[in-house]
Amino acid sequence: MVQDRATRRPGDRWRAGYATDPAATRGRLIPEPSSPTRSDFQRDRDRIVHSTAFRRLKHKTQVFVHHEGDHYRTRLTHTLEVSQIARALARALGLDEDLAEALALSHDLGHTCFGHTGEDALHACMAEHGGFDHNAQALRIVTRLERRYAEFDGLNLTWETLEGLVKHNGPLLDAAGHPAPRYRHSGIPAAILEYDAINHLELARFAGPEAQAAALADDIAYDAHDLDDGLRAGLFDLADLETVPFLRGLLDEIEARHPNLEPSRRIHELARRVITRFVEDLIVESERRLAALQPGNVEDIRGASSAVVAFSETIAAADAEIKTFLFARMYRNPEVMAVRAKANTIVTDLFAAFVADPRRMPQEWQAGLDGAGEGRLARRVADYIAGMTDTYAVLEHGKFFATTPSLHWRPADRGLPLAEA
(Lines give C-alpha, C1' and ligand atoms only; values in the text may rest on other atoms or scores of the structure.)
Protein backbone atom coordinates (compact mmCIF):
# COMPACT_ATOMS: atom_id res chain seq x y z
CA MET A 1 0.00 0.00 0.00
CA VAL A 2 1.01 3.64 -0.45
CA GLN A 3 2.30 5.11 2.77
CA ASP A 4 0.15 7.95 4.11
CA ARG A 5 1.87 11.23 3.30
CA ALA A 6 0.90 12.55 6.73
CA THR A 7 3.26 10.05 8.36
CA ARG A 8 6.39 11.17 6.47
CA ARG A 9 8.14 14.35 5.55
CA PRO A 10 8.97 15.38 1.96
CA GLY A 11 12.14 13.65 0.90
CA ASP A 12 12.00 10.90 3.53
CA ARG A 13 13.33 7.52 2.42
CA TRP A 14 10.86 4.67 2.68
CA ARG A 15 10.23 1.42 0.86
CA ALA A 16 6.84 0.23 -0.31
CA GLY A 17 5.89 -3.42 -0.42
CA TYR A 18 5.52 -3.17 -4.20
CA ALA A 19 9.06 -1.84 -4.73
CA THR A 20 11.55 -4.08 -6.51
CA ASP A 21 13.60 -5.68 -3.75
CA PRO A 22 17.32 -6.19 -4.53
CA ALA A 23 17.43 -8.98 -1.96
CA ALA A 24 14.89 -10.87 -4.07
CA THR A 25 16.53 -10.25 -7.45
CA ARG A 26 16.19 -12.93 -10.08
CA GLY A 27 19.94 -12.64 -10.41
CA ARG A 28 22.48 -12.36 -13.20
CA LEU A 29 22.87 -14.57 -16.26
CA ILE A 30 26.38 -15.41 -15.08
CA PRO A 31 26.18 -16.02 -11.30
CA GLU A 32 28.49 -13.86 -9.18
CA PRO A 33 29.15 -13.62 -5.44
CA SER A 34 27.18 -10.85 -3.76
CA SER A 35 28.92 -7.68 -2.60
CA PRO A 36 29.40 -7.12 1.14
CA THR A 37 28.87 -3.35 0.75
CA ARG A 38 26.43 -2.77 -2.12
CA SER A 39 23.08 -4.11 -3.27
CA ASP A 40 22.86 -5.78 -6.66
CA PHE A 41 21.12 -2.72 -8.10
CA GLN A 42 23.85 -0.44 -6.76
CA ARG A 43 26.41 -2.63 -8.50
CA ASP A 44 24.41 -2.39 -11.74
CA ARG A 45 24.38 1.39 -11.48
CA ASP A 46 28.12 1.51 -10.84
CA ARG A 47 28.91 -0.79 -13.77
CA ILE A 48 26.87 1.43 -16.06
CA VAL A 49 28.61 4.62 -14.91
CA HIS A 50 32.05 3.04 -15.44
CA SER A 51 31.20 1.66 -18.89
CA THR A 52 32.75 2.94 -22.09
CA ALA A 53 29.31 3.51 -23.62
CA PHE A 54 28.34 5.81 -20.76
CA ARG A 55 31.46 7.97 -21.16
CA ARG A 56 30.80 8.34 -24.87
CA LEU A 57 27.47 10.05 -24.15
CA LYS A 58 29.47 13.20 -23.38
CA HIS A 59 30.01 13.83 -27.09
CA LYS A 60 26.79 12.41 -28.51
CA THR A 61 24.05 14.68 -29.78
CA GLN A 62 20.83 15.33 -27.92
CA VAL A 63 19.34 17.81 -30.42
CA PHE A 64 22.23 20.15 -31.22
CA VAL A 65 25.59 18.72 -32.25
CA HIS A 66 28.25 19.59 -29.70
CA HIS A 67 29.94 22.20 -31.92
CA GLU A 68 27.03 24.57 -31.44
CA GLY A 69 27.79 25.64 -27.90
CA ASP A 70 28.79 24.35 -24.50
CA HIS A 71 25.48 25.30 -22.88
CA TYR A 72 23.23 22.95 -24.88
CA ARG A 73 22.42 19.47 -23.66
CA THR A 74 24.34 16.43 -24.78
CA ARG A 75 23.23 12.82 -24.31
CA LEU A 76 25.24 12.77 -21.08
CA THR A 77 23.76 15.89 -19.50
CA HIS A 78 20.30 14.73 -20.56
CA THR A 79 20.94 11.35 -18.95
CA LEU A 80 22.01 12.99 -15.69
CA GLU A 81 18.85 15.12 -15.65
CA VAL A 82 16.72 12.01 -16.22
CA SER A 83 18.55 10.26 -13.39
CA GLN A 84 17.85 13.09 -10.95
CA ILE A 85 14.14 13.09 -11.77
CA ALA A 86 13.91 9.30 -11.65
CA ARG A 87 15.45 9.23 -8.17
CA ALA A 88 13.02 11.89 -6.99
CA LEU A 89 10.06 9.91 -8.30
CA ALA A 90 11.35 6.68 -6.80
CA ARG A 91 11.81 8.25 -3.37
CA ALA A 92 8.34 9.81 -3.38
CA LEU A 93 6.69 6.52 -4.38
CA GLY A 94 8.74 4.28 -2.09
CA LEU A 95 10.56 2.51 -4.95
CA ASP A 96 14.13 1.25 -5.15
CA GLU A 97 16.11 4.41 -5.96
CA ASP A 98 19.21 2.55 -7.07
CA LEU A 99 17.33 0.52 -9.67
CA ALA A 100 15.51 3.63 -10.92
CA GLU A 101 18.86 5.41 -11.21
CA ALA A 102 20.50 2.49 -13.02
CA LEU A 103 17.69 2.44 -15.55
CA ALA A 104 17.83 6.19 -16.07
CA LEU A 105 21.60 6.11 -16.56
CA SER A 106 21.41 3.27 -19.07
CA HIS A 107 18.32 4.23 -21.06
CA ASP A 108 20.25 6.06 -23.82
CA LEU A 109 23.37 3.89 -24.05
CA GLY A 110 22.23 2.57 -27.42
CA HIS A 111 21.92 5.96 -29.09
CA THR A 112 24.23 6.64 -31.99
CA CYS A 113 26.32 9.64 -32.90
CA PHE A 114 24.16 12.58 -34.07
CA GLY A 115 21.14 11.52 -32.04
CA HIS A 116 18.02 10.33 -33.84
CA THR A 117 19.57 11.33 -37.16
CA GLY A 118 22.26 8.71 -36.71
CA GLU A 119 19.69 6.13 -35.68
CA ASP A 120 17.51 6.86 -38.71
CA ALA A 121 20.53 6.64 -41.02
CA LEU A 122 21.69 3.32 -39.56
CA HIS A 123 18.15 1.95 -39.66
CA ALA A 124 18.02 2.71 -43.39
CA CYS A 125 21.47 1.19 -43.95
CA MET A 126 20.42 -1.94 -42.06
CA ALA A 127 17.01 -2.26 -43.75
CA GLU A 128 17.89 -5.66 -45.24
CA HIS A 129 19.54 -6.90 -42.06
CA GLY A 130 16.96 -6.35 -39.32
CA GLY A 131 17.17 -2.57 -39.05
CA PHE A 132 18.59 -0.59 -36.14
CA ASP A 133 16.81 0.20 -32.87
CA HIS A 134 18.49 2.13 -30.04
CA ASN A 135 16.71 0.15 -27.31
CA ALA A 136 17.91 -3.12 -28.81
CA GLN A 137 21.36 -1.60 -29.19
CA ALA A 138 21.43 -0.69 -25.50
CA LEU A 139 20.71 -4.34 -24.71
CA ARG A 140 23.52 -5.44 -27.05
CA ILE A 141 25.92 -3.08 -25.31
CA VAL A 142 25.21 -4.27 -21.77
CA THR A 143 25.03 -7.97 -22.69
CA ARG A 144 27.67 -8.31 -25.43
CA LEU A 145 29.57 -5.29 -26.69
CA GLU A 146 31.14 -3.97 -23.48
CA ARG A 147 34.23 -6.12 -22.97
CA ARG A 148 35.74 -5.17 -19.65
CA TYR A 149 35.33 -8.11 -17.31
CA ALA A 150 37.40 -11.28 -17.20
CA GLU A 151 34.47 -13.67 -16.77
CA PHE A 152 31.84 -12.41 -19.21
CA ASP A 153 31.00 -10.09 -22.09
CA GLY A 154 28.77 -7.11 -21.36
CA LEU A 155 28.07 -5.90 -17.84
CA ASN A 156 26.19 -8.97 -16.54
CA LEU A 157 23.44 -6.81 -15.08
CA THR A 158 20.60 -8.17 -13.00
CA TRP A 159 17.42 -9.48 -14.62
CA GLU A 160 15.46 -6.53 -13.22
CA THR A 161 17.73 -3.95 -14.81
CA LEU A 162 17.69 -5.72 -18.16
CA GLU A 163 13.91 -6.10 -18.01
CA GLY A 164 13.51 -2.41 -17.27
CA LEU A 165 15.93 -1.40 -20.00
CA VAL A 166 14.03 -3.37 -22.63
CA LYS A 167 10.46 -2.69 -21.43
CA HIS A 168 10.65 0.82 -19.96
CA ASN A 169 8.18 2.04 -22.60
CA GLY A 170 5.77 -0.78 -21.86
CA PRO A 171 5.28 -4.41 -22.95
CA LEU A 172 6.74 -5.37 -26.32
CA LEU A 173 4.05 -7.99 -26.98
CA ASP A 174 0.30 -7.89 -26.51
CA ALA A 175 -1.70 -10.60 -24.75
CA ALA A 176 -1.95 -12.56 -28.01
CA GLY A 177 1.81 -12.49 -28.50
CA HIS A 178 1.75 -9.92 -31.30
CA PRO A 179 4.25 -7.01 -31.36
CA ALA A 180 3.18 -3.83 -29.56
CA PRO A 181 2.19 -0.90 -31.83
CA ARG A 182 5.68 0.61 -31.94
CA TYR A 183 7.02 -2.68 -33.35
CA ARG A 184 4.00 -3.70 -35.39
CA HIS A 185 5.58 -2.96 -38.77
CA SER A 186 9.24 -3.69 -38.07
CA GLY A 187 8.81 -6.59 -35.64
CA ILE A 188 10.61 -7.04 -32.33
CA PRO A 189 14.35 -6.43 -32.90
CA ALA A 190 16.30 -9.64 -33.26
CA ALA A 191 18.73 -8.69 -30.48
CA ILE A 192 15.89 -8.57 -27.98
CA LEU A 193 14.35 -11.86 -29.13
CA GLU A 194 17.72 -13.60 -29.09
CA TYR A 195 18.46 -12.49 -25.55
CA ASP A 196 14.92 -13.27 -24.40
CA ALA A 197 15.41 -16.84 -25.61
CA ILE A 198 18.24 -17.39 -23.13
CA ASN A 199 17.01 -15.14 -20.28
CA HIS A 200 13.25 -14.72 -20.47
CA LEU A 201 12.27 -11.07 -19.94
CA GLU A 202 8.49 -11.58 -20.01
CA LEU A 203 7.97 -9.26 -22.98
CA ALA A 204 4.16 -9.31 -22.71
CA ARG A 205 4.15 -7.95 -19.13
CA PHE A 206 4.87 -4.47 -17.81
CA ALA A 207 8.26 -3.70 -16.35
CA GLY A 208 8.56 -2.95 -12.66
CA PRO A 209 7.61 0.47 -11.28
CA GLU A 210 11.19 1.75 -11.26
CA ALA A 211 11.41 1.32 -15.04
CA GLN A 212 8.06 3.04 -15.46
CA ALA A 213 9.30 5.96 -13.35
CA ALA A 214 12.55 6.22 -15.34
CA ALA A 215 10.65 6.27 -18.64
CA LEU A 216 8.50 9.21 -17.59
CA ALA A 217 11.52 10.95 -16.06
CA ASP A 218 12.93 10.86 -19.60
CA ASP A 219 9.82 12.56 -20.98
CA ILE A 220 9.87 15.21 -18.26
CA ALA A 221 13.55 15.96 -18.72
CA TYR A 222 13.52 16.41 -22.46
CA ASP A 223 10.28 18.42 -22.51
CA ALA A 224 11.84 20.91 -20.08
CA HIS A 225 15.37 21.06 -21.44
CA ASP A 226 14.38 21.10 -25.10
CA LEU A 227 12.19 24.13 -24.39
CA ASP A 228 15.19 25.69 -22.63
CA ASP A 229 17.64 24.86 -25.42
CA GLY A 230 15.23 25.88 -28.17
CA LEU A 231 14.58 29.25 -26.58
CA ARG A 232 18.27 29.93 -26.02
CA ALA A 233 19.05 28.92 -29.62
CA GLY A 234 16.46 31.32 -30.99
CA LEU A 235 14.38 28.64 -32.69
CA PHE A 236 11.28 30.14 -31.07
CA ASP A 237 10.41 32.86 -28.57
CA LEU A 238 8.60 32.86 -25.26
CA ALA A 239 5.66 34.48 -27.01
CA ASP A 240 5.44 31.47 -29.34
CA LEU A 241 4.89 29.19 -26.37
CA GLU A 242 1.59 30.89 -25.60
CA THR A 243 0.05 28.71 -28.30
CA VAL A 244 0.41 25.83 -25.82
CA PRO A 245 -2.23 26.42 -23.11
CA PHE A 246 -0.26 24.68 -20.35
CA LEU A 247 2.83 26.78 -21.05
CA ARG A 248 0.81 29.96 -21.38
CA GLY A 249 -0.53 29.39 -17.88
CA LEU A 250 2.99 28.98 -16.51
CA LEU A 251 4.21 32.11 -18.29
CA ASP A 252 1.28 34.09 -16.88
CA GLU A 253 2.13 32.80 -13.42
CA ILE A 254 5.78 33.85 -13.79
CA GLU A 255 4.80 37.33 -14.99
CA ALA A 256 2.38 37.79 -12.10
CA ARG A 257 4.97 36.73 -9.54
CA HIS A 258 8.01 38.34 -11.18
CA PRO A 259 6.95 41.23 -13.45
CA ASN A 260 9.39 42.25 -16.18
CA LEU A 261 11.83 39.44 -15.37
CA GLU A 262 14.83 39.31 -17.70
CA PRO A 263 14.49 36.65 -20.45
CA SER A 264 17.19 34.25 -19.21
CA ARG A 265 15.52 34.03 -15.80
CA ARG A 266 12.05 33.68 -17.34
CA ILE A 267 13.30 30.74 -19.39
CA HIS A 268 14.70 29.03 -16.32
CA GLU A 269 11.55 29.73 -14.29
CA LEU A 270 9.51 28.15 -17.08
CA ALA A 271 11.68 25.02 -17.30
CA ARG A 272 11.69 24.44 -13.55
CA ARG A 273 7.91 24.85 -13.39
CA VAL A 274 7.42 22.31 -16.19
CA ILE A 275 9.49 19.79 -14.24
CA THR A 276 7.78 20.55 -10.93
CA ARG A 277 4.21 20.35 -12.27
CA PHE A 278 4.89 17.16 -14.18
CA VAL A 279 6.63 15.47 -11.25
CA GLU A 280 3.99 16.46 -8.73
CA ASP A 281 1.18 15.35 -11.02
CA LEU A 282 2.88 12.03 -11.72
CA ILE A 283 3.27 11.31 -8.01
CA VAL A 284 -0.38 12.07 -7.25
CA GLU A 285 -1.70 10.08 -10.22
CA SER A 286 0.60 7.14 -9.50
CA GLU A 287 -0.49 7.07 -5.86
CA ARG A 288 -4.10 7.01 -7.04
CA ARG A 289 -3.42 4.08 -9.38
CA LEU A 290 -1.46 2.21 -6.74
CA ALA A 291 -4.26 2.68 -4.23
CA ALA A 292 -6.74 1.28 -6.75
CA LEU A 293 -4.54 -1.70 -7.64
CA GLN A 294 -3.40 -2.45 -4.08
CA PRO A 295 -0.31 -4.36 -5.25
CA GLY A 296 1.16 -6.67 -2.65
CA ASN A 297 4.48 -6.93 -4.47
CA VAL A 298 6.22 -5.97 -7.69
CA GLU A 299 4.75 -8.96 -9.54
CA ASP A 300 1.29 -7.46 -9.14
CA ILE A 301 2.55 -4.36 -10.95
CA ARG A 302 4.15 -6.39 -13.74
CA GLY A 303 0.88 -8.25 -14.21
CA ALA A 304 -1.37 -5.17 -14.17
CA SER A 305 -3.43 -4.29 -17.24
CA SER A 306 -1.96 -0.78 -17.46
CA ALA A 307 1.00 1.20 -16.16
CA VAL A 308 0.81 2.26 -12.53
CA VAL A 309 3.31 5.10 -12.82
CA ALA A 310 1.63 7.63 -15.08
CA PHE A 311 0.50 11.20 -15.68
CA SER A 312 -3.07 12.32 -15.17
CA GLU A 313 -5.10 12.86 -18.33
CA THR A 314 -4.60 16.62 -18.02
CA ILE A 315 -0.80 16.47 -17.80
CA ALA A 316 -0.60 13.70 -20.40
CA ALA A 317 -2.40 16.08 -22.77
CA ALA A 318 0.00 18.91 -21.86
CA ASP A 319 2.95 16.61 -22.48
CA ALA A 320 1.57 15.72 -25.93
CA GLU A 321 1.01 19.41 -26.77
CA ILE A 322 4.58 20.32 -25.79
CA LYS A 323 5.98 17.48 -27.88
CA THR A 324 3.88 18.55 -30.88
CA PHE A 325 5.18 22.11 -30.54
CA LEU A 326 8.81 20.98 -30.20
CA PHE A 327 8.52 18.63 -33.17
CA ALA A 328 7.35 21.42 -35.46
CA ARG A 329 9.43 24.30 -34.12
CA MET A 330 12.63 22.58 -33.00
CA TYR A 331 13.20 19.05 -34.29
CA ARG A 332 11.96 20.00 -37.79
CA ASN A 333 13.34 23.54 -37.80
CA PRO A 334 14.97 24.15 -41.24
CA GLU A 335 18.35 25.01 -39.72
CA VAL A 336 18.33 21.92 -37.52
CA MET A 337 17.20 19.80 -40.47
CA ALA A 338 20.05 21.14 -42.60
CA VAL A 339 22.57 19.95 -40.00
CA ARG A 340 20.73 16.64 -39.71
CA ALA A 341 21.01 16.10 -43.47
CA LYS A 342 24.78 16.56 -43.29
CA ALA A 343 25.03 14.18 -40.33
CA ASN A 344 22.99 11.63 -42.27
CA THR A 345 25.52 11.85 -45.10
CA ILE A 346 28.41 11.20 -42.71
CA VAL A 347 26.80 8.08 -41.21
CA THR A 348 25.66 6.70 -44.57
CA ASP A 349 29.08 7.26 -46.13
CA LEU A 350 30.87 5.58 -43.22
CA PHE A 351 28.57 2.55 -43.35
CA ALA A 352 29.19 2.07 -47.07
CA ALA A 353 32.95 2.53 -46.64
CA PHE A 354 33.30 -0.02 -43.85
CA VAL A 355 31.08 -2.61 -45.52
CA ALA A 356 33.10 -2.25 -48.72
CA ASP A 357 36.38 -2.65 -46.83
CA PRO A 358 36.15 -3.82 -43.19
CA ARG A 359 39.93 -3.32 -42.90
CA ARG A 360 39.19 0.39 -42.54
CA MET A 361 37.85 -0.36 -39.07
CA PRO A 362 40.19 -0.82 -36.10
CA GLN A 363 41.73 -4.28 -35.71
CA GLU A 364 39.45 -5.36 -32.87
CA TRP A 365 36.39 -4.61 -35.00
CA GLN A 366 37.77 -6.62 -37.94
CA ALA A 367 38.35 -9.72 -35.83
CA GLY A 368 36.36 -12.79 -36.85
CA LEU A 369 34.93 -11.27 -40.01
CA ASP A 370 36.84 -13.46 -42.47
CA GLY A 371 34.21 -15.26 -44.48
CA ALA A 372 31.36 -13.50 -42.63
CA GLY A 373 28.06 -13.16 -44.43
CA GLU A 374 26.53 -9.84 -45.39
CA GLY A 375 24.26 -9.72 -42.36
CA ARG A 376 26.99 -10.33 -39.83
CA LEU A 377 29.32 -7.81 -41.47
CA ALA A 378 26.58 -5.17 -41.64
CA ARG A 379 25.73 -5.65 -37.95
CA ARG A 380 29.40 -5.35 -36.96
CA VAL A 381 29.69 -2.11 -38.92
CA ALA A 382 26.48 -0.80 -37.36
CA ASP A 383 27.79 -1.62 -33.88
CA TYR A 384 31.02 0.23 -34.63
CA ILE A 385 29.32 3.35 -36.00
CA ALA A 386 26.67 3.39 -33.28
CA GLY A 387 29.39 3.58 -30.64
CA MET A 388 31.04 6.60 -32.23
CA THR A 389 30.80 10.05 -30.72
CA ASP A 390 29.94 12.95 -33.01
CA THR A 391 33.57 14.06 -32.96
CA TYR A 392 34.96 10.63 -33.82
CA ALA A 393 32.48 10.11 -36.66
CA VAL A 394 33.51 13.40 -38.26
CA LEU A 395 37.20 12.52 -37.92
CA GLU A 396 36.67 9.02 -39.38
CA HIS A 397 34.77 10.45 -42.33
CA GLY A 398 37.66 12.80 -43.01
CA LYS A 399 40.04 9.82 -43.31
CA PHE A 400 38.18 8.22 -46.19
CA PHE A 401 36.46 11.03 -48.07
CA ALA A 402 37.83 14.12 -49.80
CA THR A 403 35.28 16.41 -48.19
CA THR A 404 33.31 16.09 -44.95
CA PRO A 405 30.13 18.12 -44.44
CA SER A 406 30.54 20.86 -41.85
CA LEU A 407 28.15 20.47 -38.95
CA HIS A 408 28.93 23.86 -37.48
CA TRP A 409 25.91 26.08 -37.02
CA ARG A 410 25.88 29.07 -34.71
CA PRO A 411 22.42 29.73 -33.28
CA ALA A 412 21.30 33.33 -33.18
CA ASP A 413 22.70 35.45 -30.35
CA ARG A 414 19.81 35.77 -27.95
CA GLY A 415 21.51 38.24 -25.67
CA LEU A 416 20.79 35.98 -22.70
CA PRO A 417 23.32 36.54 -19.90
CA LEU A 418 24.81 33.36 -18.52
CA ALA A 419 26.97 35.01 -15.85
CA GLU A 420 27.04 38.13 -13.71
CA ALA A 421 27.80 41.22 -15.76
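Keep in mind it's a predicted model, so treat the numbers as computed, not measured.
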Expected output: side-chain Gln42 to main-chain Asp98 donor-acceptor under 3.5 Å: no

Determine whether Leu122 and Ile385 satisfy the following criterion, side chain to side chain contact (heavy atoms under 4.5 Å, CB included), listing intermediate values before the conclusion. CA-CA 8 Å; Leu122 277 183; Ile385 295 175; 4.2 Å; yes

Shortest non-hydrogen contact from Ala104 to Ser83? CB-CA, 3.5 Å

Go through Arg248 and Asp252 one step at a time and tell me if the side chain to side chain contact (heavy atoms under 4.5 Å, CB included) criterion holds. CA-CA 6 Å; Arg248 183 174 65 243; Asp252 290 344; 3.9 Å; yes

Has the side chain of Arg289 got a donor or acceptor atom that lies under 3.5 Å from a matching backbone atom of Ala307? yes

Which pair of heavy atoms, one from Ala214 and one from Ala86, lies closest together, and at what distance? CA-CB, 4.1 Å

Please tell me if the side chains of Thr74 and Asp390 come closer than 4.5 Å, counting only heavy atoms from C-beta onward. no

His123, NE2 atom: more than 12 neighbouring heavy atoms under 6.0 Å: no

Which atoms form the tightest heavy-atom contact between Ala353 and Phe401, and what is the distance? CB-CZ, 4.1 Å

Describe, in one word, how the ring planes of His116 and His111 are oriented to each other, choosing from parallel (under 30°), tilted (30 to 60°) and perpendicular (over 60°). perpendicular

Would you mind checking if Arg379 and Asp383 are paired as a salt bridge, meaning a charged N to carboxylate O distance below 4.0 Å? no

Distance (rounded to the nearest 0.5 Å) between Arg277 CZ and Leu282 CG: 15.0 Å

Is it true that a side-chain atom of Thr276 and a backbone atom of Arg273 form a donor plus acceptor pair closer than 3.5 Å? no

Can you find a pair of side-chain heavy atoms, one from Leu99 and one from Pro22, that are under 4.5 Å apart? no

Side-chain heavy atoms of Leu193 within contact of Leu203, under 4.5 Å: yes

Rounded distance [0.5 Å steps], CG in Leu251 versus CD in Glu253: 9.5 Å

Looking at side-chain heavy atoms only, is the closest gap between Ile315 and Phe246 below 4.5 Å? yes

Should the heavy atoms of other residues, nucleotides or ligands under 6.0 Å from CD of Glu364 be counted, would the total exceed 12? yes

Looking only at heavy atoms, the pair that brings Pro358 and Leu369 closest together is CB-CD1, 4.2 Å

Hey, can you tell me if Tyr331 and Phe327 have their rings parallel, tilted or perpendicular (30° and 60° cut-offs)? perpendicular

For Ala291, is there any backbone N or O sitting under 3.5 Å from a side-chain donor or acceptor partner on Gln294? yes

Heavy-atom check, side chain of Phe311 versus side chain of Glu285, under 4.5 Å: no

Thr20 pairs by side-chain hydrogen bond (donor to acceptor under 3.5 Å, both in side chains) with which of Glu210, Glu160, Arg15? Glu210

Tell me which pairs pass side-chain hydrogen bond (donor to acceptor under 3.5 Å, both in side chains) where either residue lies in residues 190-207, with sequence neighbours left out. Arg26-Glu202, Tyr195-Asn199, Asp196-His200, Glu202-Arg205, Arg205-Glu299

Among residues at least two apart in sequence or on other chains, which ones pass ring pair (Phe, Tyr, Trp, His ring centres under 6.0 Å) with Phe325? Phe236

Distance, nearest 0.5 Å, that separates CD1 of Ile322 from CG of Asp219: 10.5 Å

Please determine whether side chain to side chain contact (heavy atoms under 4.5 Å, CB included) holds for the pair Thr161 and Val142, giving the CA-CA distance in whole Å, both sets of side-chain angles, and the decisive distance to 0.1 Å. CA-CA 10 Å; Thr161 299; Val142 301; over 6 Å; no

Who passes side-chain contact (heavy atoms from CB on, under 4.5 Å) against Tyr392, sequence neighbours left out? Pro362, Tyr384, Met388, Thr389, Glu396

Under 3.5 Å: donor-acceptor pair, side chain of Asn297, backbone of Asp300: yes

Check the pair Thr79, Phe54 against side chain to side chain contact (heavy atoms under 4.5 Å, CB included), reporting the backbone distance first and the verdict last. CA-CA 9 Å; Thr79 294; Phe54 184 80; 4.0 Å; yes

Would you say Arg91 has more than 12 foreign heavy atoms packed within less than 6.0 Å of its CZ? yes

Among Leu162, Leu29, Asp44, Thr143, which residue satisfies the side chain to side chain contact (heavy atoms under 4.5 Å, CB included) criterion with Asn156? Leu29

With rounding to the nearest 0.5 angstrom, report the CG to CE distance, Asp226 to Met330. 4.5 Å

dist Asp281:CG -> Glu313:CD (nearest 0.5 Å) comes out at 11.0 Å

Between Arg47 and Leu155 (side chain of the first, backbone of the second, donor and acceptor by atom type, cut-off under 3.5 Å), is there such a pair? yes

Is there a side-chain contact between Leu57 and His78, using heavy atoms and a 4.5 Å cut-off? no

Between His168 and Asn135, what is the shortest heavy-atom contact and its length? CE1-OD1, 3.3 Å

Could you tell me whether a side-chain N or O of Arg329 sits under 3.5 Å from a main-chain N or O of Leu241, the two making a donor and an acceptor? no

Has the side chain of Lys167 got a donor or acceptor atom that lies under 3.5 Å from a matching backbone atom of Ala211? no

Donor-acceptor contact present, side-chain Thr243 to main-chain Asp240, <3.5 Å: yes

Do Thr112 side-chain atoms and Glu119 backbone N/O form a donor-acceptor pair below 3.5 Å? yes

If you measure from the Lys or Arg side-chain nitrogens to the Asp or Glu carboxylate oxygens, is any gap between Arg265 and Glu269 under 4.0 Å? no

Heavy-atom distance under 4.5 Å between the side chains of Leu109 and Leu165, does that happen here? no

Between CD of Glu280 and CD1 of Ile283, what distance do you get to the nearest 0.5 Å? 7.0 Å

Sub-4.5 Å side-chain heavy-atom contact between Leu145 and Gln137: yes

Closest non-hydrogen atom pair between Glu163 and Ala207, with its separation: OE2-CA, 3.4 Å

